[in-house]
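Heads up: the structure comes next, in structure tokens.
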2 protein chains.
Amino acid sequence: MARTAGSHSDITGPRVLDAALRLFARHGYAAVSMRQIAKEVGVQAGALYNYTPDKQSLLFDLMRRHMDDLLASRAKRRRTGSALEKLEDFTRFHIRYHLDRSDEVFIAYMELRNLTPENFAEIEALRREYENELEAILRQGEEEGVFAPADTRIETMAVIAMLTGVTTWYRVEGRLSADEVERIYWDMVRKAVSV
Amino acid sequence: MARTAGSHSDITGPRVLDAALRLFARHGYAAVSMRQIAKEVGVQAGALYNYTPDKQSLLFDLMRRHMDDLLASRAKRRRTGSALEKLEDFTRFHIRYHLDRSDEVFIAYMELRNLTPENFAEIEALRREYENELEAILRQGEEEGVFAPADTRIETMAVIAMLTGVTTWYRVEGRLSADEVERIYWDMVRKAVSV
DNA sequence: AATTTAACTGAACATTCGTTCAAATCAAAG
DNA sequence: CTTTGATTTGAACGAATGTTCAGTTAAATT
């Protein structure tokens, strides 16, 4: 065969996902057309179908990648230590990760209802897996007696909601550095779950 | 004139907004067509335009009503007392209100980007007004010395994000009553901002 | 230089979109 | 019962939607 795999495809391919990511985050999945994505890439709409079977797959791929990357990044972090240490690690990781990938996070939380039922189930399972990591830490803390006895499932949801909310107001050019934000949120989380 | 103002209009009118509310909450503004709304009401699409100038106004009216109602409901609550009392009141109010109006709340947080710039500015101002109520309480608490000195603006955003997150998992037929949820969240909020 | 084929264009497809409007319908007033 | 006008229908509008595909372009192999 002439021409090795992808001469432009290894350039255009990623750009398609990049453009879809940015546009979906800005205007929402349903409000973005394939022609808008194509224009952003600098190509005609038909060419997109060399890189995705359909629009839905574009959304699903972005979410799937995000969740895989989130779980993989999390897995690299320390696993041992006290519940308090683990919670601080989780908190700082979550804040930093979400600040660094605001578009991906935004889509992952806003566009769930635009997934087909099967795709939704798959993403939801990954999200649940991530939440379970936090819940395990909270339970360990209860057993150690450093965290207040409480409904750990609700605590989990409350903490994650609080932390993820940082993406709605944080701006890199703003008043606070990511380090300061990490510290402020860690302060609140620690107190919220402690005895 | 024959026929006093609205013989069906006082029935159909509210039903249009009701249907739009439910459908927007379930599938998102951009994914819902005027024909879907009309079908839900039991009417042809053209008839909707007796009750709204266009689709955008439907979304804006829902948001505007929601924010007005939120601020009015909040204004009815107690204004005096210690910062701790006020914070408990705010927390319980917010949780209860958001559990009771999950569709409205969902739209108000998810569909902001589908508002025209002018409409967005108006809704955003009302939201800011609501946030400022909480921030004032947190500042009073700092002055009283019962709340830890902190960045009250970020604390505000963090607390509201945490509380509003309740809508993502709470189900009326679920394990916990609204009262229990109120108490659990109040526990976390109190500890999170206290010294 | 000739050949091969991946990458892309540009037009077309059947639907669906928000919106308009003349005509039909129908409940209340005279 | 007739009149009146609010209410709704049903068809139509141009534009936009996701997707397909025959044909063109151009890069890499022979």
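Atoms NZ (K39(A)) and P (dT17(D)) sit 11 Å apart, rounded to a whole Å. One atom, CD1 of I11(B), and another, P of dA27(C), lie 11 Å apart when rounded to the nearest Å. When rounded to the nearest whole Å, the span between CZ of R15(A) and P of dC8(C) equals 10 Å. As rounded to whole Å, 16 Å separates atom P of dC21(D) from atom CG of L48(A). A straight line from CG of D54(B) to P of dA15(D) spans 19 Å, rounded to a whole angstrom. dA6(C) atom P lies 11 Å from atom CG of N50(A), rounded to whole Å.
Salt bridge absent: E143(B) and R139(B) never bring a charged side-chain N and a carboxylate O closer than 4.0 Å. A salt bridge is absent between D89(A) and R79(A): the closest approach of a Lys/Arg side-chain nitrogen to an acidic carboxylate oxygen does not fall below 4.0 angstrom. Between E88(B) and R190(B), no side-chain nitrogen of the basic residue sits less than 4.0 Å from a carboxylate oxygen of the acidic one, so the salt-bridge criterion is not met.
For V43(A), counting side-chain heavy atoms from C-beta on, the closest listed nucleotide (dG18(C), dT19(D), dC8(C)) is dC8(C). Out of dG18(C), dC8(C), dG18(D), the shortest distance to the side chain of A47(A) is found at dC8(C). Here the side chain of R35(B) is nearest to one of dG18(D), dT19(C), dG10(C), namely dT19(C).
Taking the nucleotide of DNA chain D with the nearest heavy atom to each of P53(A) and A31(A), the more 5' of the two is matched to A31(A).
For dA7(C), neither phosphate oxygen OP1 nor OP2 lies less than 4.0 angstrom from any side-chain nitrogen or oxygen of T12(A). A close approach under 4.0 Å does occur between a side-chain nitrogen or oxygen of Y51(A) and OP1 or OP2 of dC8(C). Residue S33(A) places at least one side-chain N or O closer than 4.0 Å to OP1 or OP2 of dT17(D).
Residue V32(A) is in sugar-phosphate contact alone, with no base atom involved, counting any heavy-atom pair closer than 4.0 Å across all strands shown.
You'll find the ring centres of Y130(A) and F90(A) inside the 6.0 Å limit.
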